[in-house]
Amino acid sequence: MKIHEYQAKELFRRYAIPVPEGAVAETPSEARAIAAGLGGDLFAVKAQVHAGGRGKGGGVRLAREAEEVGALAGEILSRPLVTPQTGPEGVVVRLVLVERGRPFERQLYLGIVLDRAAERPVLMASAEGGVEIEEIARERPAVILKAHFDARAGLGAQEARALASRLGLAGATGAEAAAIMQALARIFLAEDCSLLEINPLVVTAEGAVVALDAKCDLDDNALFRHPGHLAWRDPAEEDRREAQAADFGFSYVTLDGDIGCMVNGAGLAMATNDIITLAGGAPANFLDVGGAADPERVTAAFRLLLGDRRVRAVLVNIFGGIVRCDVIAQGIIAALRGMTLQVPLVVRLEGTNVETAREMLRGSGLALIEAETFADAAAKAVAAARGGAA
Amino acid sequence: MSILADRRTRLLVQGLGRVGQFYTDLMIEYGTQVVAGTRPGKGGTRHHGIPIFDDARAAARSVAFDASVVFVPAAAAAEAILEAAEAGARLIVAITEGVPALDLARVKATLRESFPAVRLIGPNCPGVISPGQCKIGIMPGYIHKPGPVGILSRSGTLTYEGVHQCTALGLGQSTCVGIGGDPVVGMSFVDLLALYAEDPLTKGILMIGEIGGSAEEEAAEYIRARFRKPVVAFIAGKNAPPGKRMGHAGAIISGGRGTAAEKVEALRAAGVTVVDSPAEMGAAMQRVLGSEEEEG
């Protein structure tokens, strides 16, 4: 689960990582009032969206006075924000974060992810912050310093100090940076993050170290032990159908084609998307209804797929193992009896009792296209989506 | 022969609740020796004659077992794995889905330090089956048959698809292992390839990978350097959008890394027969084993 910058900064405050003073606003007048309350002569106005690359799309702006803060907030809130990560249609901005601006002398980068190959979290640090870290990783990987740490013990004080000194930070500034690194590692472990980033972490003229930005992704599988994190979920940021699917307990990802897919199991669902592409078609979605594929789930999945206007054909690909194919066929028949099919439906079942299942589908009187093999199913779905006969 | 599990394997089932019981009955039906179960608060009762204990430690005091299968809920799965290791299980197969990634990082660190001989499979996996001998997990047993193909995969139903294609062509399997779909799992492709290399029954490998992480690239490197049996591979998720989790917690392209294209390229460069279509897994396996026989 992704959370907003202002929410990540709430988390930072709890762990004593210094962040600029500020608050979020829904309207230009609120933004202006926050700036007036903060005082001073430099403010940052930042669009709160999950997509990265906000700066490039004009979603992060600086202002000198409260009036200007209001005007900039108005601009940001009035139109979709397009960033390299949003696609050309952009995302609607409903909240801006207004902060006291912090002039700085240096920009650094800090990040933590779980290094899957090493099976340990890794703290990444760079003396060149404020730019896209992926770019630096590609072009000059040596600039990024790495320190793996034990997920049970956290990041040691000595390691943190050594890293700060390699970033060129000495004295009180170095100690502050090291403390921030340790706090970041504590957040990562205690709050079950999958990614934490401060870009940039800045050093001010007085030598203070401040997290100007904050990015945090949380491990969905660990939300059960952090009920408080659920309040940070922002449904407006989620794809409408993906959110609907999540309510049913499905894994669903919107893709840009026109063949709706219903599959049991994530691997088989990805493979079904692949084989459709290979057959010259384009899947409208990834949908894993779960290994069991019982009638209720099948019905819910049909509703979801048939509610998608882009879908010109539906492909059901289910491997019936423990849950037998005849039971799945029963579910499909029951689901379809209750709705009108506006688009062609291709069904491929494989596994236990598949012969009985096929007879049941044939005998149901439902207008569905039967496919025998995996490849056959893809070819028939692609033909059906094109409007040709299978 | 086979790897990991065979007729002699004595299995403990951790989490003999409703779901655990369902799959336990199917394992017993398949011929697996299930010798004990655990269920908190139910110590002293039995399931089909199998003694149930409160935890793995209590089970170890009265029953000898060398393997364990974990069905306990995600919140307690990490603890159950470590408990099985302490109780003496040498093979632990964790079926549970939804275990926090950092729990696995902690479990693996403890296993490395304190139980280096323990082999962990999963979590979030269908399990391990040595056809005709032993089934530890939730896969449909009947689609398998004994034979020369070792199958290893990050997925569940796609593994069944691969098994089914092989069986339909008369190609049986030595041992099939679902390694799990999470970011951090127990044994890796490389760990398992090393076992298959030593197994005389295994003549060829079908490896089913997917986007996310670098397990396939590491396997490619291992195969190139020292694996001498033929390998067929399929990588799922060619059109997955970056940054989206495709069902499995571990199936995600992050920071532009972990794409299907990178994995296919690495495997092909290592001499692996990578099929573009998931419908071709069995046929490709048949081809490479056939040409192997002609050469031999």
Side-chain angles (χ1 to χ4, degrees), chain A residues 85 113-114 116-117 119-121 133-134 137-138 150-152 188-189 192-195 219-222 224-225 251 253-257 263-279 282-283 286-288 291 318-322 350-352 373-378, chain B residues 22-23 26 74-75 98-106 108-110 138-140 142-143 153-161 164-165 181-184 208 210-215 218 234 236-241 243-251 254-256 260 276-280:
Chain A
Q85 292 182 20
V113 293
L114 178 60
R116 294 167 60 161
E119 300 177 337
R120 283 186 299 165
I133 199 69
E134 280 92 359
R138 236 182 346 259
D150 191 308
R152 298 162 303 175
F188 191 84
L189 297 177
D192 279 296
C193 303
S194 52
L195 176 137
D219 180 357
D220 293 319
N221 282 347
F224 70 84
R225 58 185 171 209
S251 292
V253 175
T254 300
L255 302 173
D256 49 19
V263 188
N264 66 333
L268 192 61
M270 279 188 270
T272 302
N273 291 162
D274 290 340
I275 201 169
I276 287 171
T277 310
L278 210 59
F286 162 97
L287 170 57
D288 169 13
I318 290 179
F319 196 102
I322 302 289
E350 189 56 87
T352 317
T373 65
F374 203 169
D376 182 39
Chain B
F22 176 78
Y23 289 111
L26 292 172
V99 181
L102 285 170
D103 283 7
L104 250 290
R106 292 182 186 107
K108 295 261 343 231
T110 301
I138 59 173
M139 66 289 279
Y142 88 98
I143 62 171
S153 168
R154 280 169 66 187
S155 148
T157 46
L158 183 58
T159 317
Y160 311 160
E161 177 75 40
H164 180 80
Q165 287 177 21
D182 284 348
V184 177
I208 304 172
E210 64 191 31
I211 56 159
S214 57
E218 286 144 29
F234 172 73
K238 292 187 184 66
N239 52 15
K244 286 283 186 182
R245 247 169 245 289
M246 306 301 276
H248 291 149
S254 39
D276 289 320
S277 166
E280 301 292 322

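Just so it is clear: chains get the letters A, B, ... in the order the sequence lines come, proteins before strands, and each one is counted from 1.
Using a 4.5 Å cut-off between heavy atoms, E280(B) makes no contact with chain A at all. Y142(B) touches chain A through its side chain: at least one heavy atom from C-beta onward sits under 4.5 Å away, while N, CA, C and O do not. Residue contact with chain A, scored on non-hydrogen atoms closer than 4.5 Å, is absent for I208(B). Only the side chain of K108(B) comes within less than 4.5 Å of a heavy atom in chain A; its backbone stays farther off. Within the 4.5 angstrom heavy-atom criterion, atoms from both the backbone and the side chain of E119(A) approach chain B. Heavy atoms of A240(B) lying under 4.5 Å from chain A are absent altogether. Residue R225(A) touches chain B through its side chain alone, counting heavy-atom pairs closer than 4.5 Å. The contact between D219(A) and chain B is made entirely by side chain atoms (from C-beta outward), counting heavy-atom distances below 4.5 Å. Contacts between S254(B) and chain A at a heavy-atom distance below 4.5 Å are absent for every atom of the residue. Only the side chain of H164(B) comes within contact range of chain A, with at least one heavy atom under 4.5 Å from a heavy atom of that chain.
Annotation for G237(B) and D274(A): closest pair N-OD2, 2.8 Å, computed over non-hydrogen atoms. Considering every non-hydrogen atom in both L158(B) and A271(A), the closest pair reads CD1-CB, 3.7 Å. Annotation for S277(B) and I275(A): closest pair OG-CD1, 3.6 Å, computed over non-hydrogen atoms. Of all heavy-atom pairs between V184(B) and L114(A), the closest is CG2-CD2, 3.7 Å. Contact between G247(B) and S251(A) at its shortest, heavy atoms only, is CA-OG, 3.5 Å. Listed here is the closest heavy atom pair of E210(B) and G267(A): OE1-CA, 4.3 Å.
Proximity of a side-chain donor or acceptor of R116(A) to a complementary backbone N or O of G250(B) within less than 3.5 Å is detected. Between the T157(B) side chain and the F319(A) main chain, no donor and acceptor come within less than 3.5 Å of each other.
Remark: D150(A) CG to R106(B) CZ distance equals 9.0 Å, nearest 0.5 Å.
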- Task: Evaluate the side chain to side chain contact (heavy atoms under 4.5 Å, CB included) criterion for residues T277(A) and K238(B): first the C-alpha distance (whole Å), next the side-chain angles of each, then the deciding distance (0.1 Å), finally the verdict.
- Result: CA-CA 9 Å; T277(A) 310; K238(B) 292 187 184 66; over 6 Å; no

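Contact count against chain B (heavy-atom pairs under 4.5 Å) is highest for L189(A) among L195(A), L189(A), L287(A).
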